[in-house]
Amino acid sequence: MEEINQLIKIRRDKLDVLREKSINPYPYHFERTHQSNDILEDYEALQEKPVKIAGRIMSVRLMGKAAFCHLQDSQGKIQVYLRKDEIGDEALEMFKILDIGDFLGVDGRVFKTKTGEITIFADKIELLSKSIRPLPIVKEKEQDGEKVVFDQFADKELRYRQRYVDLIVNPEVKEVFVKRSKIITAMRDFLNQHEFLEVETPVLQPIYGGAAARPFKTHHNTLDTTLYLRIANELYLKRLIVGGFDRVYEFAKDFRNEGMDRFHNPEFTQVELYVAYKDYFWMMEFVENLFTYIASTVLGTTQIKYNGHDIELKAPWRRLSMFEAIREFTGTDISGMDETALRSFADKLKIEIGPELGAGKIIDEIFGEKVEPNLIQPTFIIDYPVEMSPLAKKHRTNPRLVERFEPIIGGKEIANCFSELNDPVDQRARFMDQMDLKARGDEEAQVLDEDFLRAIETGMPPTAGLGIGIDRLVMLMTDQPSIRDVLFFPHMRPESK
RNA sequence: GCACCUGUAGCUCAAUGGUAGAGCAGCUGACUCUUAAUCAGUUGGUUGAAGGUUCGAGUCCUUCCAGGUGCACCA
């Protein structure tokens, strides 16, 4: 049996008191006419007019035969004034046993208190739902026009585990998630305006692919086969390009069985999109336009603040090849180096390189260590070593490179794009190289997908592909330091009790 | 996975190794324009868990659990 503490017990007892007074603590509906902000923003027109509002009691000031409280609805908070000679003795007696956290419906008229706060003068009140678990009490006060908050509900663990409480008492949290939704909507609108088709592809896959990562493994009972939760949807979306769709996209939950930190959650959201007959140059402009559209639609500006930096998202963004970028930040041109030379260069920079890593991964390490954190303004890093991009098309002038770019903003990669590899013979050879890396011990090397090869052999038009990490994009646009702050329910260890 | 930090009442936090406390919330009472409402009184604790050292542990030691931050890996 669940342990019931004293506070909950008192509230449960109140349920009995209410029922003895023939008050149903859990009625079925309430017809409201306004929400809090509708009234606060339209006071002139609504002054002395009747309104019906509903919300959660967030603060109470009892004054004998009168009382004030604040109700919170989905828009915000508004004050309610109750007095005995208006709502009656019984209603006031009921109100006195209500708690912060209860839902109340109020029928009243709009007025301003003598201190100037827009308030609902209640004629009738109705309990809409009784809360039996205490809410953290956050108090706030206006001081020199600034809002000062007292006893804020701040424990990160409790906030993440009980997000519903976090959302109730920390209004700025709600704003982040509203923006998240608007960002996704803006993105979807932009893609639909550009003749993309939204599609769905399997989450459970017999062969995982499309990215370098370790998967979650599961089992299908009837078929008695191993299935993997997708780490990307790239290979399926390309099959659709083969099938004749010219522009497709999917917002996908992907799953990667790796560590968790400020930038990683085991499940995360990515949008991937593919465009036939285009290359990565086209996609760079598309990305610039997409980001400009999202920022101006959702934030009303292309200038954002992130982690203390002012960032301008307006096109054009700087374009820098990976080798140029490394030369700029280390002073060394590594474009001609083989694996041995790269190893000793990494050593000189005091970057540790495991023996299982090939030349491509070593370059990536150097880049990640010395360049990426310094790229604050939007920058396209283009033209990656062929070894680290087995699904990208070879560079049109340099066969050691592929046509790939990653936009870096605020020192973090936010997306990934390439001119897609559609040469089936080369694609098979690249998979073979990956198998070699796997044999060498690289657990994230990609797995050969015979059906995917069959699709490419059937013939895929020239195609540009793009993946954008939605969680990181939201972090960027809402200036949040951790991925946990843009996920309603970030992954946590189970509570032990 | 490794390192460092944190864990005390519903929430926010105190407590030179010496009787576990405060504010808010709750409860009782007063108050018909309050707003961190105010005033008087008052309940509430296996100090994350288990061991150990000690006459005595919230405090010191060990292990474990949970969280945060950094590193490693990844998007």
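Throughout, protein chains are lettered first and strands after them, A, B, ... in sequence-line order, and every chain is numbered starting at 1.
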Between [X] and [N], does any side-chain N or O lie under 4.0 Å from OP1 or OP2?
X	N	answer
A:Arg493	B:rG67	yes
A:Arg61	B:rA37	yes
A:Lys139	B:rU12	no
A:Arg11	B:rG26	no

Between [M] and [N], how far apart are the [atom1] atoms? Round to whole Å, please.
N	M	atom1	result
B:rU19	B:rC24	P	25 Å
B:rG56	B:rG7	P	25 Å
B:rU43	B:rA22	P	10 Å
B:rA25	B:rA36	P	12 Å

Side chain of [X], heavy atoms from C-beta onward: which of [options] has the nearest atom to it?
X	options	value
A:Glu258	B:rA75, B:rC33, B:rU69	B:rA75
A:Glu365	B:rA37, B:rC73, B:rC33	B:rC73
A:Arg472	B:rC27, B:rA75, B:rG68	B:rA75

message: Is the distance between the ring centroids of A:Tyr384 and A:Tyr280 under 6.0 Å?
response: no
* Asked: Between A:Phe121 and A:Tyr81, does the ring centre distance come in under 6.0 Å?
  -> yes
Is [X] touching bases, backbone alone, or none of the nucleic acid, heavy atoms closer than 4.0 Å?
X	result
A:Lys77	nothing
A:Leu158	sugar-phosphate
A:Arg214	nothing
A:Gln270	nothing

May I ask you to verify whether the side chain of A:Asp261 and the base of B:rA72 hold a donor-acceptor pair under 3.5 Å? yes
- Is the base of B:rU34 touched by the side chain of A:Gln79 through a donor-acceptor pair closer than 3.5 angstrom? yes
